[in-house]
*Asks:* 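Structure provided below as structure tokens; questions to follow.
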Amino acid sequence: MTEPDLPLGERVYLALRADLMAGTYAPTERLGEEKLATRYKVSRTPVREALARLVSDGLVQRGDGGLFPYRARFEELAGLYELRFTLELRGIERIMQGAAPRHDRDVLGPELDSWHGLRDSPPAPDAGFVERDEGFHTTLLASSGNPAFVAALHNVNSKIRPVRMYDYLTPDRMDATIAEHVAIAEFVLDGRLDAAYDALKKHIDESREVVIDRAAQAVSAARMVAALQP
């Protein structure tokens, strides 16, 4: 479905999301429905729907007097990524240390099949791909057999999701993500856990570097917008 064929609410959501991620709005700029409706040449209803979705995504946050663009607090990201590393790598470690005989093939196998399909027919770059990515990582962790780890990872993901969206804006990062997911899952199902551990660690680390760099660029752009405003 091409963009002109999308429902109006979806088009407004995608346009506003792209502008937020590009730093078009200053961090202190209130995202009022009437102003946005004028900007995107629509009524307030699709704007209201788009804002609700963006609050759920984490790209818009509630503040004094209304809704405002989310801006990454880089001092918090280091700790959240450290927790993500701990949880995801521990999923492999616990199998290596004998907490369970192997990863659950019935859980991870279908997930790998879906990523084989994405490798054969790669989707276009899209920030919303973060949900598919999160699905892979939570399924991989679930297959290691500790539901408490999965619940904790869901919590971490909800906090870093707005920043992680920056990883899916170019074809090369989409292709890399898909290829790396396939390799990690295949290593796990083949019992090559040392290789899976190293590949997963590298995968998360490279993604972290990309998203923090791109988020920092967006913050710089937003500061420039703020400086230029009367």
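A quick note: this is a predicted structure, and the numbers were derived from the prediction, not measured.
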*Asks:* Where is the tightest heavy-atom contact between Pro171 and Pro125, given as atom of each residue plus distance?
*Replies:*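 Looking at all heavy atoms of both residues, the closest pair is N-CG, 3.5 Å.
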*Asks:* To the nearest 0.5 Å, tell me how far Ser144 OG sits from Met96 CE.
*Replies:* 13.0 Å
*Asks:* Would you say Leu51 and Leu36 make side-chain contact, with heavy atoms under 4.5 Å?
*Replies:* yes
*Asks:* Give me the atom names and distance for the closest heavy-atom approach of Pro162 to Gly58.
*Replies:* CG-O, 3.4 Å
*Asks:* Please report the interatomic distance CG(Leu77) to CD1(Ile212), rounded to the nearest 0.5 Å.
*Replies:*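 Those atoms lie 5.5 Å apart.
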*Asks:* Before you tell me yes or no, could you show the steps for Phe187 and Asp198 under side chain to side chain contact (heavy atoms under 4.5 Å, CB included), namely the whole-Å CA-CA distance, both residues' side-chain angles and the distance that decides it to 0.1 Å?
*Replies:* CA-CA 10 Å; Phe187 284 146; Asp198 291 342; over 6 Å; no
*Asks:* Do Phe68 and Leu59 share a hydrophobic cluster (ILVMFWY, side-chain heavy atoms under 4.5 Å, transitive)?
*Replies:*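 As far as the 4.5 Å side-chain criterion goes, Leu59 and Phe68 are not connected within one cluster.
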*Asks:* Should Tyr81 and Val210 be regarded as members of a common hydrophobic cluster, given that ILVMFWY residues are connected when their side-chain heavy atoms come within less than 4.5 Å of each other, either directly or indirectly?
*Replies:* no
*Asks:* What's the shortest heavy-atom distance between Val188 and Ala196, and which atoms?
*Replies:*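 Answer, listing the atom of Val188 first, then Ala196: CG2-CB, 3.6 Å.
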*Asks:* Work out which heavy atom in Ala127 is nearest to a heavy atom in Met165; give both atom names and the distance.
*Replies:* O-CG, 3.7 Å
*Asks:* Apply side-chain contact (heavy atoms from CB on, under 4.5 Å) to Asp19 and list each qualifying residue two or more places apart in sequence or on a separate chain.
*Replies:*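 Expected list: Thr24, Tyr25, Arg39, Tyr40.
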*Asks:* Restricting to ring-ring contact (aromatic ring centres under 6.0 Å, His included), what partner residues turn up for Tyr168, sequence neighbours left out?
*Replies:*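 Counting only residues at least two positions away or on another chain, Tyr168 forms a ring-ring contact (aromatic ring centres under 6.0 Å, His included) with Phe129.
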*Asks:* Taking side chain as C-beta onward, heavy atoms only, is Pro123 less than 4.5 Å from Met174?
*Replies:*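 With C-beta onward as the side chain, the pair touches.
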*Asks:* As an exercise, state the distance from CG of Asp126 to CG of Leu14, rounded to the nearest 0.5 Å.
*Replies:*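 Result: 7.0 Å between the selected atoms.
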*Asks:* Is atom CD of Gln97 surrounded by more than 12 heavy atoms (other residues, nucleotides or ligands) closer than 6.0 Å?
*Replies:*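 More than 12 within 6.0 Å, yes.
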*Asks:* State yes or no: do Val107 and Leu140 share one hydrophobic cluster built from I, L, V, M, F, W and Y residues joined by side-chain heavy-atom distances below 4.5 Å, directly or via other members?
*Replies:* no
*Asks:* With side chain to side chain contact (heavy atoms under 4.5 Å, CB included) as the test, would you mind laying out the steps for Asn146 and Arg90 before giving the verdict?
*Replies:* CA-CA 10 Å; Asn146 188 327; Arg90 180 58 189 160; over 6 Å; no
*Asks:* Please report the interatomic distance NZ(Lys201) to CG(Leu89), rounded to the nearest 0.5 Å.
*Replies:*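 Output value for this atom pair is 7.5 Å.
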*Asks:* Between the main-chain N or O of Arg30 and the side-chain N or O of Lys35, is there a donor-acceptor pair closer than 3.5 Å?
*Replies:*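 Here the side-chain-to-backbone pair exists.
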*Asks:* Does atom CD of Glu131 have more than 12 heavy-atom neighbours from other groups under 6.0 Å away?
*Replies:*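 No, CD of Glu131 has 12 or fewer neighbouring heavy atoms, counting only those of other groups under 6.0 Å.
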*Asks:* Given the rule in the salt bridge (charged side-chain N to carboxylate O under 4.0 Å, His left out) test, do Asp57 and Arg17 qualify, once you have shown the distances and angles that lead to the verdict?
*Replies:* CA-CA 10 Å; Asp57 290 342; Arg17 186 180 72 181; 5.1 Å; no
*Asks:* Checking the side chain of Arg84 only, and the main-chain atoms of Val156 only, is there a donor and an acceptor separated by less than 3.5 Å?
*Replies:*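 No, Arg84 side chain to Val156 backbone: no donor-acceptor pair under 3.5 Å.
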*Asks:* Evaluate the side-chain proximity of Glu33 to Leu67: yes if any heavy-atom separation is below 4.5 Å, no if none is.
*Replies:*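 Of all side-chain heavy-atom pairs linking Glu33 with Leu67, none is under 4.5 Å.
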*Asks:* So, taking the atom named CZ in Arg164 and the one named NZ in Lys159, what distance separates them when rounded to the nearest 0.5 Å?
*Replies:*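 Interatomic distance, Arg164 CZ to Lys159 NZ, rounded to 0.5 Å: 15.5 Å.
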*Asks:* Main chain of Leu118, side chain of Ser121: is a donor-acceptor contact present, judged purely on distance under 3.5 Å?
*Replies:* no
*Asks:* Report yes if some heavy atom in the side chain of Glu186 is under 4.5 Å from a heavy atom in the side chain of His116; otherwise report no.
*Replies:* yes
*Asks:* Is there a side-chain contact between Phe85 and Asp205 in this structure, where contact means two heavy atoms from C-beta onward sitting under 4.5 Å apart?
*Replies:* yes
*Asks:* If I compare all heavy atoms of Tyr166 with all of Leu20, which pair ends up nearest, and what's the gap?
*Replies:* OH-O, 4.3 Å
*Asks:* Look at atom CD of Glu82 and say whether more than 12 heavy atoms of other residues, nucleotides or ligands are closer to it than 6.0 Å.
*Replies:*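 Open: at most 12 neighbouring heavy atoms sit under 6.0 Å from CD of Glu82.
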*Asks:* Return the minimal non-hydrogen interatomic distance between Gly9 and Glu49, and the atom names on each side.
*Replies:* CA-OE1, 4.2 Å
*Asks:* If you count heavy atoms of other groups shown closer than 6.0 angstrom to CZ of Arg105, is the number above 12?
*Replies:* no
*Asks:* Just so I know, are the side chains of Thr170 and Arg214 near enough to count as touching, which here means a heavy-atom distance under 4.5 Å?
*Replies:* yes
*Asks:* To the nearest 0.5 Å, what is the distance between CG on Leu193 and CG on Leu200?
*Replies:*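 Reported value, rounded in 0.5 Å steps: 11.5 Å.
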*Asks:* Please assess Trp115 against Glu111 for the test side chain to side chain contact (heavy atoms under 4.5 Å, CB included), listing each intermediate value before the final yes or no.
*Replies:* CA-CA 7 Å; Trp115 286 87; Glu111 183 69 17; 2.8 Å; yes
*Asks:* Answer whether the closest heavy-atom distance between the side chains of Pro46 and Arg11 falls below 4.5 Å.
*Replies:*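 When only atoms from C-beta onward are counted, Arg11 and Pro46 do not touch, as no gap falls below 4.5 Å.
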*Asks:* Please list all pairs meeting ring pair (Phe, Tyr, Trp, His ring centres under 6.0 Å) that have one or both residues in residues 192-213, counting only residues at least two apart or in different chains.
*Replies:* His137-His203, His181-His203
*Asks:* Less than 4.5 Å apart, side chain to side chain, heavy atoms only: is that true for Asp175 and Pro122?
*Replies:*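 Yes. Closest side-chain heavy atoms under 4.5 Å.
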